[in-house]
Amino acid sequence: MTVRTRVAPSPTGDPHVGTAYVALFNYCFAKKHGGQFVLRIEDTDRARSTAESEQMILDALRWTGVTWDEGPDVGGPFGPYRQSERSEIYARHAELLLEKGEAFRCFCTPERLAELRAHQLAGGGGALGYDGQCLTLEPEEAAARAAAGETHVVRLKVPRAGICHVQDLLRGTIDIAWSEVDMQVLLKSDGMPTYHLANVVDDHLMGITHVLRGEEWISSAPKHLRLYAAFGWEAPQLCHLPLLRNPDKSKLSKRKNPTSILYYQRMGYLPEALLNYLGRMAFSMPDAAEKFGLDAMVEAFDLARVSPGGPVFDVEKLDWLNGRWIREDLDDDAFAERVVRWALNRDYLGPVIPLVKERIERFSQLPGLAGFFLEGLIDLTPEMLVVKKLNEDDVRRVLAWTLWQIDTLPAWKLEPIEATLRATADLLEMKLRDYLAPLFPALTGKPSSTPLFQSMEALGRDMTRARLKHALDVMGGLGKKAEKRERKAFDAARAAAAGDDAAED
RNA sequence: GUCCCCAUCGUCUAGUCAGGCCCAGGACACCGGCCUUUCAAGCCGGCGACGCGGGUUCAAAUCCCGCUGGGGACGCCA
């Protein structure tokens, strides 16, 4: 049997370091056993998936140095590798489960489900989940209603009693009572599959033998196992990797930490170093080596060397590793070439050139005017940020609200960035000029610079977020109480603004 | 609220499965020194952990139980 593993990112945002982490371990496991590693795009969420995000993920993953044998860009014998192109397959398999009596149609409205949920939560909790109302429907009647065009979903039937024994390569047997397992929606009312159905169908059809995925999936493993059994398929071996953590130990999140691979690129980390660092998360080399390349990791890879505790993703050691990679592995030519590839090229400088060309008379002014495009976090003091008529609280508010606002943007493009920042000034009932004043130093280190919106676009979302957050930290942070208060005011202002918009329509 | 996962220096970890070689080893960070025109780098040294309580055993970081702590999941998101 050939070992086949996969990574299955969802193209709903920036490429996440967690994706690279899981990809790395899957890659190493497959290659160690002479097998194949597959990249599959899980874009069944039509509302949130975008082609741009998919492209960024592919590019970023390739940048890290991990390669895949099959995928949407390179093809392969088990394609298509993009779930949105496999809809009929899932529909057919959902139908199969219906026929076998392993699944049922559910006509409950989202409103009823929300009510049910609220009621369960209020009524002392216990296991939350679907109450099985539509389970009582006769299959013929349900089929007739569906044929008549009535909106519905397909749900998985789950045993009401007994224990599901999940075999985990890292954690041994995990026992979960079937009563804890929800009757998961398999096919949404738009005809698209949920993750659970698509994932199981694809893993089987693509011959995946080992699933190494994040720990967050443990609780849904029984659903997946049930699905394999319902189809009459052999399930792959499961292995739940520990989750990367923020310094406060919570699951790594962009709110608390830069999570985008693009950010680490922009900061000037070498892909070798980033991969090396990710390889030190929960894994260690038998010879205790700290610095090692991908091939060496493949060679030494062994799940027995993976520890189950969640590691904190803390960049201090990444910095040190990156320094070693620069110093020990780049000769002068390679160094020059890498720096050019990093930022001193038309791709990165392209959008910046029109911004600076108008504003300089000598190239030697370039570092002063545009140096911030090449920097990491900006050296700041509170005095640099407290400008115009604003006081310290105003500045903190501007930074916090802006931070919250940029996360609402679906795409990191000039027009939405500009529209959103203008809207934020309105929400704060501030003149744009005053509102933007502290953002210039926060993002560029200077009271004035190249146009802010364009500069933000070039900097990228994660770098922008990181600098704003850093500026807020320099200002002493919001503090728990102020954060709560500000967040409330922010939400209220947004709601009011949304109300106004609706009234205008 | 319910279920599940996890637990060694501040951080990443070795050791845990096969108990003694561990009054716990390495790395980052930090502190001090050496080197050096400066700063790095490099070298040397220091600080610093088996969460707590019970068992089992001649012997427990390692096995068992309880507690505590941390985390995750409970969506027509993935």
Side-chain angles (χ1 to χ4, degrees), chain A residues 8-13 16 18-19 41-49 83 106-110 113-114 116-117 120-130 151-155 163-164 166 168 170-172 174-182 184-199 213-223 240-252 276-291 304-324 326-328:
Chain A
S10 185
T12 55
H16 200 282
T19 304
I41 295 294
E42 308 226 330
D43 54 350
T44 56
D45 185 345
R46 291 189 320 182
R48 295 198 304 149
S49 299
Q83 290 186 331
C106 170
F107 299 86
C108 294
T109 62
L113 296 174
L116 174 67
R117 210 185 107 78
Q120 285 174 336
L121 226 36
L128 272 37
Y130 185 62
T151 306
H152 69 286
V153 301
V154 175
R155 285 181 187 274
I163 306 287
C164 178
V166 180
D168 184 283
L170 214 52
R171 298 155 207 274
I174 301 169
D175 291 337
I176 297 175
W178 281 115
S179 58
E180 295 293 329
V181 182
D182 195 14
Q184 183 64 48
V185 170
L186 299 176
L187 214 55
K188 308 179 219 175
S189 56
D190 66 358
M192 288 294 262
T194 56
Y195 164 87
H196 306 279
L197 207 223
N199 189 264
R213 64 193 345 177
E215 192 182 356
E216 53 196 329
W217 294 107
I218 290 179
S219 48
S220 39
K223 292 170 190 172
H240 293 94
L241 299 170
L243 254 22
L244 262 24
R245 312 288 188 94
N246 296 310
D248 70 0
K249 309 276 191 184
S250 58
K251 174 170 144 179
L252 192 66
N276 185 172
Y277 181 66
L278 289 173
R280 288 292 290 111
M281 299 278 90
F283 176 77
S284 63
M285 292 292 263
D287 64 354
E290 294 287 348
K291 175 167 168 271
R305 300 206 62 82
V306 176
S307 53
V312 171
F313 187 94
D314 185 353
V315 291
E316 275 180 347
K317 198 158 186 170
L318 171 59
D319 284 331
W320 168 77
L321 264 178
N322 202 56
R324 279 193 64 181
I326 287 177
R327 214 164 318 119
E328 297 172 13

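Note on naming: letters A, B, ... go to the chains in the order of the sequence lines (proteins, then strands), and numbering restarts at 1 for each one.
- Side-chain atoms of Val185(A) lie closest to C76(B) of the nucleotides G1(B), C76(B), C4(B).
- Searching all strands for a Watson-Crick or G-U wobble partner of C34(B) with both distances below 3.5 Å returns G42(B).
- As rounded to the nearest Å, C67(B) and C74(B) have C1' atoms that lie 25 Å from one another.
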Look for any protein N or O under 3.5 Å of an N or O in nucleotides 68-73 of chain B and output each such pair with its distance, or none.
| residue | atom | partner | partner atom | Å |
| --- | --- | --- | --- | --- |
| G72(B) | OP1 | Lys251(A) | N | 3.0 |
| A73(B) | OP1 | Lys251(A) | NZ | 3.0 |
| A73(B) | O4' | Ser219(A) | OG | 3.4 |
| A73(B) | O2' | Ser219(A) | OG | 2.5 |

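- For the atom pair Thr44(A) OG1 and Leu197(A) CG, the distance stands at 10.0 Å (nearest 0.5 Å).
- With both ends at atom C1', the span from C44(B) to U38(B) equals 22 Å, rounded to whole Å.
- Between the OH atom of Tyr277(A) and the P atom of U11(B) there is a distance of 12 Å, given to the nearest Å.
- When the P atom is compared between G51(B) and G45(B), the two are found 28 Å apart, to the nearest whole Å.
- Atom-to-atom distance recorded for Leu252(A):CG and Leu244(A):CG is 5.5 Å, nearest 0.5 angstrom.
- Base pairing analysis places C63(B) opposite G55(B); the two distances defining the Watson-Crick or G-U wobble pair are each below 3.5 Å.
- With hydrogens and angles left out, the side chain of Gln120(A) and the base of G1(B) share no donor-acceptor pair within 3.5 Å.
- Below the 3.5 angstrom threshold, one finds a donor paired with an acceptor across the side chain of Arg48(A) and the base of C77(B).
- Remark: C1' of C12(B) and CG of Leu278(A) are 12 Å apart, rounded to the nearest angstrom.
- Cys108(A) comes within contact range of at least one nucleobase, with a heavy-atom separation under 4.0 Å.
- The distance between atom CG of Leu252(A) and atom P of C12(B), rounded to the nearest whole Å, is 13 Å.
- In this structure, the salt bridge (charged side-chain N to carboxylate O under 4.0 Å, His left out) partners of Asp248(A), at least two apart in sequence or on a different chain, are Lys256(A).
- Among the heavy atoms of the strands lying under 4.0 Å from Glu290(A) is at least one base atom, whether or not backbone atoms are also near.
- Atom C1' of nucleotide G75(B) and atom CG of Asp190(A) are separated by 14 Å, given to the nearest angstrom.
- Each salt bridge (Lys or Arg N to Asp or Glu O under 4.0 Å) pair with one or both residues in residues 314-324 of chain A, not counting sequence neighbours, appears once here: Glu290(A)-Lys317(A), Arg324(A)-Glu328(A).
- Under the salt bridge (charged side-chain N to carboxylate O under 4.0 Å, His left out) criterion, Arg46(A) pairs with Asp190(A), not counting sequence neighbours.
- Atom name C1', nucleotides U13(B) and C58(B): the rounded distance is 32 Å, in whole Å.
- Pair assignment for G1(B) gives C74(B), based on Watson-Crick or G-U wobble hydrogen-bonding distances that are each under 3.5 Å.
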Item to complete: Could you give me the CA-CA distance, side-chain angles and deciding distance for Asp182(A) and Leu128(A), then say whether side chain to side chain contact (heavy atoms under 4.5 Å, CB included) is met?
Response: CA-CA 8 Å; Asp182(A) 195 14; Leu128(A) 272 37; over 6 Å; no
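- Using modelled atom types, one side-chain atom of Asp43(A) and one backbone atom of Gln83(A) make a donor-acceptor pair closer than 3.5 Å.
- Taking atom CZ on Arg117(A) and atom P on G1(B), their separation rounds to 15 Å, with Å as the unit.
- Base contact: Pro110(A) has a heavy atom under 4.0 Å from a base atom.
- Residues passing the salt bridge (charged side-chain N to carboxylate O under 4.0 Å, His left out) test with Arg171(A), sequence neighbours excluded: Glu215(A).
- Both Gln184(A) and Thr44(A) lie near RNA chain B, and the one whose nearest nucleotide falls closer to the 5' end is Gln184(A).
- Taking the ring axis of Tyr130(A) as reference, the NZ or CZ atom of Arg155(A) stays within 45° of it and closer than 6.0 Å to the ring centre.
- Listed by chain and residue number, Ser250(A), Ser253(A) satisfy the side chain to side chain donor-acceptor pair (under 3.5 Å) test with Asn246(A) (two or more places apart in sequence, or in another chain).
- Across all strands shown, the partner of C28(B) is G10(B), judged by Watson-Crick or G-U wobble contacts whose two distances both fall under 3.5 Å.
- The shortest distance between the side-chain N/O atoms of Lys223(A) and the OP1/OP2 oxygens of A78(B) is not below 4.0 Å.
- Per the geometry, CD1 belonging to Ile218(A) stands 20 Å off P belonging to U2(B), to the nearest Å.
- On the C1' atoms, G66(B) is 27 Å away from C23(B), given to the nearest whole Å.
- Checking A18(B) for Watson-Crick or G-U wobble geometry (two distances, each under 3.5 Å) identifies no partner in any strand.
- Here the CD1-CD1 distance, from Ile218(A) to Ile176(A), works out to 7.5 Å after rounding to the nearest 0.5 Å.
- Between Tyr277(A) and Phe313(A), the ring planes lie perpendicular to each other; the angle is over 60°, past the 30° to 60° tilted range.
- For CZ of Arg305(A), the number of neighbouring non-hydrogen atoms (other residues, nucleotides, ligands) closer than 6.0 Å is greater than 12.
- Gln184(A) meets the side chain to side chain donor-acceptor pair (under 3.5 Å) test with Lys223(A); sequence neighbours excluded.
- For the C1' atoms, the distance linking C50(B) with G19(B) amounts to 15 Å, nearest Å.
- Going from the P atom of C22(B) to that of A61(B) covers 13 Å, rounded to whole Å.
- When each of Asp175(A) and Tyr195(A) is assigned the nucleotide of RNA chain B bearing its nearest heavy atom, the one mapping closer to the 5' terminus is Asp175(A).
- Rounded to the nearest Å, the gap between the C1' atom of G42(B) and that of C6(B) is 39 Å.
- For Lys249(A), there are no salt bridge (charged side-chain N to carboxylate O under 4.0 Å, His left out) partners two or more places apart in sequence or in a different chain.
- Taking atom CG of Leu197(A) as the reference point, atom P of C77(B) lies 13 Å away to the nearest angstrom.
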I'd like a list of close polar pairs between nucleotides 42-45 of chain B and the protein, N/O only, cut-off under 3.5 Å.
none

For nucleotides 31-35 of chain B, tabulate all protein N/O to nucleotide N/O atom pairs closer than 3.5 Å, reporting atom names and distance.
none

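- In this view, Ser220(A) satisfies the side chain to side chain donor-acceptor pair (under 3.5 Å) rule with no residue, not counting sequence neighbours.
- The CZ atom of Arg48(A) sits 6.5 Å away from the OG atom of Ser10(A) when rounded to the nearest 0.5 Å.
- Rounded to whole angstrom, the span from the CG atom of Asp182(A) across to the C1' atom of C76(B) amounts to 12 Å.
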Give me the distances for all protein-to-nucleotides 13-18 of chain B N/O pairs that come in under 3.5 Å?
| residue | atom | partner | partner atom | Å |
| --- | --- | --- | --- | --- |
| U13(B) | OP1 | Ala282(A) | N | 2.1 |
| A14(B) | OP1 | Ser284(A) | OG | 3.4 |

